[in-house]
Student: 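Okay, here's the structure, questions in a sec.
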2 protein chains.
Amino acid sequence: MTATPFPVSEIVATRRPHRKDAARNYDALLEAARAAFAEHGADASLEDIARRAGVGIGTLYRNFPTRRDLFETVYADEVNTLCRAAVELADREPWAALTAWLDRFAGYMVTKRAVREALDGESDIFQACRESMYAAGGPLLERAQRAGAARADMDFGDLLRMVAGITATVFDDDAQRDRVLAIAMDGVRAVR
Amino acid sequence: MTATPFPVSEIVATRRPHRKDAARNYDALLEAARAAFAEHGADASLEDIARRAGVGIGTLYRNFPTRRDLFETVYADEVNTLCRAAVELADREPWAALTAWLDRFAGYMVTKRAVREALDGESDIFQACRESMYAAGGPLLERAQRAGAARADMDFGDLLRMVAGITATVFDDDAQRDRVLAIAMDGVRAVR
DNA sequence: ACTGTAGCGGAGGTACCCCTCCGGTTCAAT
DNA sequence: ATTGAACCGGAGGGGTACCTCCGCTACAGT
């Protein structure tokens with residue numbers, strides 16, 4: 001509520017190296033990790049990630065001594081993007097802004113699910129990310145609630161969980177996913 | 001729609017052995033597998049399942065030559081229970097019957113999620129189970145729709161996916177899960 | 001009680017993954 | 001151009017999971 005939505009990445013311990021080749025490897029690893037987590041979930045093989053990044057396994061471990069470090073960094077990255085998006089959406093209508101943001105949120109859920117699975121909530125960074133995300137997205141819901149567009153008897157956590165759950169599911173096609181999400185959002189709208 | 005909701009287990013290839021000790025082992029394996037899948041998801045260790053069941057790994061492989069066989073059997077079991085429940089609920093009010101069944105459905109989702117992950121939809125049994133479940137549960141939704149309790153512009157598949165997604169998510173506590181599910185169900189109800 | 005057979009358990013070969021360690025390489029500051 | 005510090009890759013030891021195979025066990029039918 002009071003926290004600024006930005007400093008998440010600065011909390012993360014591991015930092016991007018200064019040297020050119022090192023920085024390139026760091027980026028490649030992060031990108032490969034993102035893909036691997038999205039594909040295989042929490043227990044993607046670290047060796048596979050290094051392979052995909054075209055980097056030795058040793059390099060991976062130097063940058064991210066722990067599997068957790070890698071997770072945290074990838075996750076913090078996504079959250080930052082999400083926070084920035086919330087700010088950019090501030091000028092739209094309350095309900096439109098909220099749903100637009102939730103759309104983005106849904107896009108980043110693949111990673112989040114893996115992270116949640118791996119970190120199991122017992123991480124400082126995870127906590128910081130959550131706060132940061134609530135600080136960024138929470139106001140969107142509150143605004144919609146004040147405008148009478150969203151029901152008042154729910155909080156931002158409820159909404160996030162709902163959207164997260166639905167988007168994490170396997171659907172026949174994207175149309176079905178959108179349809180189901182819309183139905184659920186009708187429940188959020190219903191102020192009667 | 002026309003299919004009877006019961007024959008699922010008969011489709012499954014592996015069958016319960018006749019001999020007393022063998023049957024006991026079979027049951028123990030199934031129970032251990034159910035627990036392991038619920039706990040560790042799709043990639044639970046087969047050796048661990050055998051250990052939990054107090055049975056040699058060889059016994060597991062004799063009963064279920066493939067990981068898939070084990071999955072299918074466990075899954076078919078759950079589906080059968082679910083189908084039976086649908087019949088028992090037939091005498092309640094349309095909306096109440098529907099939500100009550102979805103409650104049971106949610107309870108079995110833990111296994112289903114693992115199965116879905118493992119089988120990836122490319123299984124005959126999976127297909128048969130789905131049909132069986134739709135045949136059993138679909139009428140509950142249709143009845144609610146005819147009664148004007150549920151919106152008409154959605155089908156049973158949509159509903160199942162929605163509930164499945166939400167219940168598969170990690171919540172702070174059961175109260176939150178129920179709250180979120182209720183919100184989403186308000187979206188289903190909303191006939192305006 | 002006898003006996004054939006269905007069923008049992010787990011050792012062991014193979015494969016993969018985790019993580020450490022260190023000799024060689026590459027950058028960037030002088 | 002030199003040089004030393006930072007960085008690189010991957011071999012290798014330890015662990016676990018998968019699955020097969022076979023000598024032994026215990027059930028059930030006579």
Side-chain angles (χ1 to χ4, degrees), chain A residues 12-74 114-115 117-120 123, chain B residues 12-74 114-115 117-120 123:
Chain A
V12 177
T14 41
R15 271 209 254 292
R16 198 160 176 275
H18 298 326
R19 242 174 71 169
K20 201 162 55 171
D21 55 344
R24 199 179 335 118
N25 285 338
Y26 181 90
D27 292 342
L29 278 170
L30 233 48
E31 184 49 44
R34 208 189 317 275
F37 290 155
E39 193 170 330
H40 301 304
D43 39 38
S45 156
L46 296 186
E47 278 178 337
D48 185 51
I49 291 175
R51 263 193 300 272
R52 287 196 203 206
V55 151
I57 184 69
T59 301
L60 186 153
Y61 275 96
R62 201 171 326 100
N63 280 289
F64 310 98
T66 295
R67 174 185 223 94
R68 167 177 307 236
D69 291 322
L70 186 51
F71 267 109
E72 289 181 344
T73 308
V74 169
V115 173
E117 201 177 315
L119 265 46
D120 204 37
S123 158
Chain B
V12 176
T14 40
R15 270 210 254 291
R16 197 159 178 277
H18 298 325
R19 240 174 71 171
K20 199 163 58 171
D21 54 344
R24 200 181 332 120
N25 285 339
Y26 182 91
D27 293 342
L29 278 169
L30 232 48
E31 184 48 44
R34 208 189 317 276
F37 290 155
E39 192 170 332
H40 301 305
D43 40 39
S45 157
L46 296 185
E47 280 179 335
D48 185 50
I49 291 175
R51 264 194 298 274
R52 289 196 203 206
V55 151
I57 184 69
T59 301
L60 186 151
Y61 275 96
R62 201 170 326 99
N63 280 290
F64 309 98
T66 295
R67 173 186 224 92
R68 166 176 307 235
D69 291 322
L70 186 50
F71 267 108
E72 290 181 344
T73 309
V74 169
V115 172
E117 201 176 318
L119 265 45
D120 205 36
S123 158

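Computation of the quantities below employed the complete heavy-atom set of this structure, encompassing side-chain atoms and omitting hydrogens, waters and symmetry-equivalent molecules. Protein chains get the first letters and strands the later ones, always in sequence-line order, with residue 1 at the start of each. Bear in mind the structure is a predicted one, so any value in this text is a computation, not a measurement.
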Student: Testing A:Thr59, A:Leu60, A:Thr73, A:Asp21 one by one against A:Tyr26 for a side-chain contact (heavy atoms from CB on, under 4.5 Å), which residue passes?
Tutor: A:Thr73
Student: Got a sec? Which of residues 27-38 of chain B come in under 4.0 Å of DNA chain D, heavy atoms?
Tutor: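 DNA chain D contact set from residues 27-38 of chain B: none.
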Student: Before you tell me yes or no, could you show the steps for B:Asp69 and B:Glu72 under side-chain contact (heavy atoms from CB on, under 4.5 Å), namely the whole-Å CA-CA distance, both residues' side-chain angles and the distance that decides it to 0.1 Å?
Tutor: CA-CA 5 Å; B:Asp69 291 322; B:Glu72 290 181 344; 4.3 Å; yes
Student: Find the distance between CG (A:Leu29) and CZ (A:Arg34) and round it off to the nearest 0.5 Å.
Tutor: 11.5 Å
Student: CG of B:Leu30 to CZ of B:Phe64: how many Å apart, nearest 0.5 Å?
Tutor: 5.0 Å
Student: Taking all heavy atoms of B:Phe37 and all of B:Ala42, pick out the closest pair and write down the distance.
Tutor: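 Looking at all heavy atoms of both residues, the shortest contact is CE2-O, 4.5 Å.
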Student: Can you tell me how far P of D:dC18 sits from CZ of B:Arg51, to the nearest Å?
Tutor: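 Interatomic distance, CZ of B:Arg51 to P of D:dC18: 9 Å.
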Student: Which residues pass the salt bridge (charged side-chain N to carboxylate O under 4.0 Å, His left out) test with A:Arg24, sequence neighbours left out?
Tutor: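 Salt bridge (charged side-chain N to carboxylate O under 4.0 Å, His left out) list for A:Arg24, sorted by chain: empty.
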Student: Between the protein and nucleotides 7-12 of chain D, list the N/O to N/O atom pairs that are separated by less than 3.5 angstrom.
Tutor:
from, atom 1, to, atom 2, distance (Å)
D:dC8, OP1, A:Asn25, ND2, 2.5
D:dC8, OP2, A:Arg62, NH1, 2.4
D:dG9, OP2, A:Gly56, N, 2.9
D:dG9, OP2, A:Thr59, OG1, 2.4
D:dG10, N7, A:Gly58, N, 3.4
D:dG10, O6, A:Gly58, N, 3.2

Student: Taking heavy atoms of chain B and a 4.0 Å limit, find me the 5'-most and 3'-most nucleotide of DNA chain C within that range.
Tutor: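 Result: C:dA6 to C:dA11.
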Student: Report the distance from atom CZ of B:Arg67 to atom P of D:dC19, rounded to the nearest whole Å.
Tutor: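 That distance rounds to 7 Å.
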Student: Which distance, rounded to the nearest 0.5 Å, do you find between the CG of A:Asn25 and the CZ of A:Arg16?
Tutor: 11.0 Å
Student: Who pairs with B:Asp43 by salt bridge (charged side-chain N to carboxylate O under 4.0 Å, His left out), at least two apart in sequence or on another chain?
Tutor: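 Not a single residue meets the salt bridge (charged side-chain N to carboxylate O under 4.0 Å, His left out) criterion with B:Asp43.
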Student: Tell me the interatomic distance from B:Ile49, atom CD1, to D:dA17, atom P, rounded to whole angstroms.
Tutor: 11 Å
Student: What donor-acceptor contacts under 3.5 angstrom involve side-chain atoms of residues 45-55 of chain A, with partners at least two apart or in another chain?
Tutor:
from, atom 1, to, atom 2, distance (Å)
A:Ser45, OG, A:Glu47, N, 3.3
A:Ser45, OG, A:Asp48, N, 3.0
A:Asp48, OD2, A:Arg52, NE, 3.3
A:Arg52, NH2, A:Glu39, OE1, 3.3

Student: Starting from the 5' end of DNA chain D, give me the residue, B:Thr66 or B:Arg24, whose nearest nucleotide shows up first.
Tutor: B:Thr66
